[in-house]
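Chain letters run A, B, ... following the sequence lines, proteins first, then strands; residues in each count from 1. Below, all heavy atoms of this structure are taken into account, side chains as well, without hydrogens, waters or symmetry copies.
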2 protein chains.
Amino acid sequence: MKSEKESKCNVDEYVEVFGSKWNLIIISHLWENTLRYTELQKRMNGINAKTITTHLRKLEEHAIIERKVYAEVPPRVEYSLTERGKALLPVLGAMSEWSKKNPLLKMTDSEANGKTEI
Amino acid sequence: MKSEKESKCNVDEYVEVFGSKWNLIIISHLWENTLRYTELQKRMNGINAKTITTHLRKLEEHAIIERKVYAEVPPRVEYSLTERGKALLPVLGAMSEWSKKNPLLKMTDSEANGKTEI
DNA sequence: CAGGATCCAAGCAGATACTG
DNA sequence: CAGTATCTGCTTGGATCCTG
């Protein structure tokens with residue numbers, strides 16, 4: 001809704017980056033290793049091309065990930081985190097910590113029907 | 001799209017909580033103090049009732065915020081963070097840290113047309 | 001005051017088909 | 001292989017009206 005820097009000043013800054021399901025998922029997948037487009041897509045449970053591309057471009061704009069194109073015969077494009085992106089470690093780490101200590105209580109749609117795995 | 005616990009195990013757990021613009025904003029507003037419905041709404045730049053209520057309910061389900069209703073003549077409802085919610089401090093802190101050290105580079109829709117404020 | 005109920009509009013994600 | 005283009009449908013957010 002495009003709030004122009006009112007209220008919480010810098011909150012709306014990181015909201016753009018963190019306030020997105022896909023962004024968080026992509027970043028966590030690129031955490032350990034550099035991945036090719038297809039490989040990343042596969043790991044993300046076969047998310048469709050348009051969706052993943054849109055978010056990859058977005059993260060690229062924010063200089064959080066880097067896109068390297070190799071001019072080879074079978075085209076190869078690899079995505080990896082930039083330094084800026086790696087600086088997110090504490091954030092992802094804190095999130096992971098919190099979720100480990102505070103497992104979700106309910107399941108949004110299917111009211112906690114025994115889904116206590118992971 | 002309801003991915004059932006594939007790929008990154010615990011990632012999809014916190015994505016539900018953090019992967020939302022409004023959740024992050026609400027949490028950051030309730031950070032310092034308990035707020036009444038109207039006050040919270042006002043601080044969120046006049047976000048409309050339905051939207052804020054939806055997210056407040058969601059955060060309540062996740063036991064991140066608490067909703068206290070005072071049976072007074074002019075109804076009063078106050079929202080505050082629970083212990084579980086306060087445990088998010090490191091996460092929000094890390095986000096804030098990151099965004100301070102890594103200011104956004106561009107403006108999403110309006111291609112950086114001089115909007116370098118904040 | 002703090003919403004619930006509706007309806008509508010915009011944004012997002014998915015499917016499909018097509019290229020360098 | 002790694003996308004782009006397009007169309008469609010669900011999900012969100014917003015506006016408005018109404019109520020305990």
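Residues B:L56 and A:T51 each lie close to DNA chain C; by heavy-atom proximity, the contact nearer the 5' end of the strand is made by B:L56. Checking A:P74 against A:R57, the closest nucleotide of DNA chain D that is more toward the 5' end is the one next to A:P74.
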Below 3.5 Å between N/O atoms, which protein atoms pair up with nucleotides 17-20 of chain C? Just atom names and distances, please.
none

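One can place CG of B:N48 at 13 Å from C1' of C:dA9, the figure rounded to the nearest angstrom. Spacing between atom CD1 of B:I47 and atom P of C:dA2 amounts to 15 Å, rounded to whole angstrom units. As a whole-Å value, the separation of B:L40 CG from C:dA2 P is 10 Å. Between the CD atom of B:E78 and the P atom of C:dC1 there is a distance of 14 Å, given to the nearest Å. Rounded to an integer number of Å, the gap from B:H55 NE2 to D:dT12 P is 8 Å. As a whole-Å value, the separation of A:K50 NZ from D:dT8 C1' is 10 Å. Here C:dG14 presents its C1' atom at 13 Å from CG of A:N45, a figure rounded to the nearest Å. Rounded to an integer number of Å, the gap from A:W22 CH2 to C:dA13 P is 7 Å.
With rounding to the nearest 0.5 angstrom, the NE2 atom of A:H29 is 8.5 Å from the CD1 atom of A:I52.
Distances shown here put a side-chain N or O of B:R36 below 4.0 Å from the OP1 or OP2 atom of C:dA2. Distances shorter than 4.0 Å separate none of the side-chain N or O atoms of A:T53 from OP1 or OP2 on D:dG3.
A:E78 has a carboxylate O that lies under 4.0 Å from a charged side-chain N of A:R76, or vice versa, which qualifies the two as a salt bridge. Ion pairing between a basic and an acidic side chain is recognised when a charged N comes within 4.0 Å of a carboxylate O; B:E39 and B:K42 show such pairing.
Checked by atom type and distance alone, the side chain of B:N48 pairs as donor or acceptor with a backbone atom of B:K50 at under 3.5 Å. A donor-acceptor distance shorter than 3.5 angstrom exists from the side chain of A:T82 to the backbone of A:A63, with no hydrogens or angles considered.
With 3.5 Å as the limit, one finds a donor-acceptor pair spanning the side chains of A:K100 and A:S96.
Residue pairs meeting the ring pair (Phe, Tyr, Trp, His ring centres under 6.0 Å) criterion with at least one partner in residues 80-104 of chain A, sequence neighbours excluded, are A:W98-B:F18.
Taking only side-chain atoms of B:Y37, from C-beta outward, the nucleotide of C:dG3, D:dT6, D:dG3 with the closest atom is C:dG3. Comparing atom distances between the A:Y79 side chain and each of D:dA2, D:dG3, D:dG14 picks out D:dG3 as nearest.
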